[in-house]
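Position 1 is the first residue of the sequence; numbering continues from there. We count ligands from 1, going down the list as the structure has it; atoms in each ligand are counted the same way.
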Amino acid sequence: MAVLSAKLASAALAFILVAASLGLIEAREAGIGIGIEIGSRGKPRQREFDYFNLALQWPGTYCQRTRHCCSSNACCRGSNSPSVFTIHGLWPDYNDGTWPACCTRKHFDEKEISTLLDPLEKYWPSLSCGNPSSCHEKHGTCSAPVTGDEYNYFLTTLNVYFKYNVTKVLNEAGYVPSNTEKYPLRGIVSVIQNAFHATPKLACRNGAVEELHICFYKDFKPRDCVVGSSSSSDVLSSSNSCPNYISLPAYASLGAGNAESKLSWVPDDVL
Ligand code: U2P
């Protein structure tokens, strides 16, 4: 962590950004109402995003749906499977609820982030065997006006994730993984509000937390994920896939004791 921070500090000096060079969009990838501007060469270009959304996923819920295992799927790591909120993505978003995607033609290059692979595998693992987005670098390229190049996008994301440690904040308040407890949604939201001075957004599946989003201004100060209002009813309705009492399931070993489980191991290249 200290190493990451030191790297971030030196990298921040080196990369004061060049985002104006954002290139062409892949309209089919953006796939949603987006702000399109005309670039200097007369080609459509997505307008710059408004804020960051750090999307976290809860493996205890997500992994319940696992039917296929492969080496890249962290749900299949047995007792080493993650038991904390892991990173789904640092998403550049618009205030109107839409988002840009795949802003340049730059290709993802794993070599550029080779020094980050250990923490990334642990804290930003894939929780499925499916192929990631087919476009080049879906969120990183659109974040570039703020986060810079690929290395800095991933480093920045890790640093923000460690700084705003939702799992720790919830555990310290007694919201611990459990397959029997149900917790008040309002209580979980207010613990995070008190810790980060901003309102998160949650998404649930069958009453269990599946995603938790924390939002940031472009200077990475926390802000509400709910646009326009922070009244109590808006806060809860913005997490409207969640009932008033929600669970944070503990990770259950895949296939264990589940007669209906169709879990199968498949080579990565088959998927
Ligand atoms: O919600 C389904 C998928 O849409 C993409 N998404 C959603 C909200 C948002 O603000 N930004 C965004 O990109 C995510 O796609 P992914 O990154 O997983 O490819 C999300 O999973």
Side-chain angles (χ1 to χ4, degrees), residues 22 25-36 46-59 61-66 68 70 72-75 82 85-108 110 113 120-121 123-147 150 153-154 156-158 160-161 164 166 198-206 208-218 220 222-228 234-235 237-242 271:
L22 286 178
I25 67 162
E26 301 256 323
R28 71 177 181 283
E29 291 290 352
I32 169 163
I34 48 171
I36 294 183
Q46 292 170 94
R47 75 180 156 82
E48 194 175 310
F49 67 100
D50 295 321
Y51 70 99
F52 284 111
N53 181 340
L54 178 65
L56 306 173
Q57 43 196 6
W58 182 249
T61 303
Y62 204 95
C63 294
Q64 289 173 348
R65 285 191 283 140
T66 302
H68 300 290
C70 54
S72 58
N73 185 347
C75 289
F85 278 98
T86 56
I87 302 168
H88 183 169
L90 181 68
W91 297 341
D93 279 358
Y94 295 129
N95 284 326
D96 65 5
T98 65
W99 59 89
C102 310
C103 290
T104 72
R105 291 189 178 280
K106 185 185 177 307
H107 284 268
F108 172 75
E110 194 174 293
I113 54 164
L120 289 174
E121 267 181 27
Y123 300 111
W124 197 337
S126 170
L127 297 181
S128 70
C129 294
N131 281 328
S133 163
S134 58
C135 85
H136 321 296
E137 223 192 291
K138 184 174 178 182
H139 304 294
T141 51
C142 301
S143 303
V146 173
T147 54
E150 181 185 311
Y153 170 73
F154 284 93
T156 302
T157 307
L158 284 169
V160 173
Y161 169 76
Y164 296 94
V166 175
T199 302
K201 185 172 168 182
L202 284 84
C204 295
R205 177 175 291 264
N206 298 329
V209 176
E210 185 159 65
E211 294 247 343
L212 195 156
H213 296 183
I214 321 174
C215 299
F216 298 91
Y217 295 105
K218 290 178 179 178
F220 288 102
R223 56 160 267 175
D224 294 345
C225 289
V226 184
V227 179
D234 281 352
V235 165
S237 66
S238 76
S239 298
N240 60 6
S241 59
C242 297
L271 294 155

Which of the ligand 1 atoms, numbered from 1, are nearer than 4.0 Å to a heavy atom of His88: 18 (O), 21 (O)

Option set Phe52, Phe49, Trp99, criterion heavy-atom distance to atom 12 (C) of ligand 1, minimum: Trp99

Phe52 and Phe220 aromatic ring geometry - parallel, tilted or perpendicular at 30°/60° bounds: parallel

Carboxylate-amine/guanidinium contact Glu211 Lys201, below 4.0 Å: no

Ion pair check, Arg65 and Glu210, cut-off under 4.0 Å: yes

Straight-line distance of Phe85 CZ to Tyr62 OH, nearest 0.5 Å: 14.5 Å

Heavy-atom nearest option to atom 15 (O) of ligand 1, drawn from His139, Lys138, Glu211: Lys138

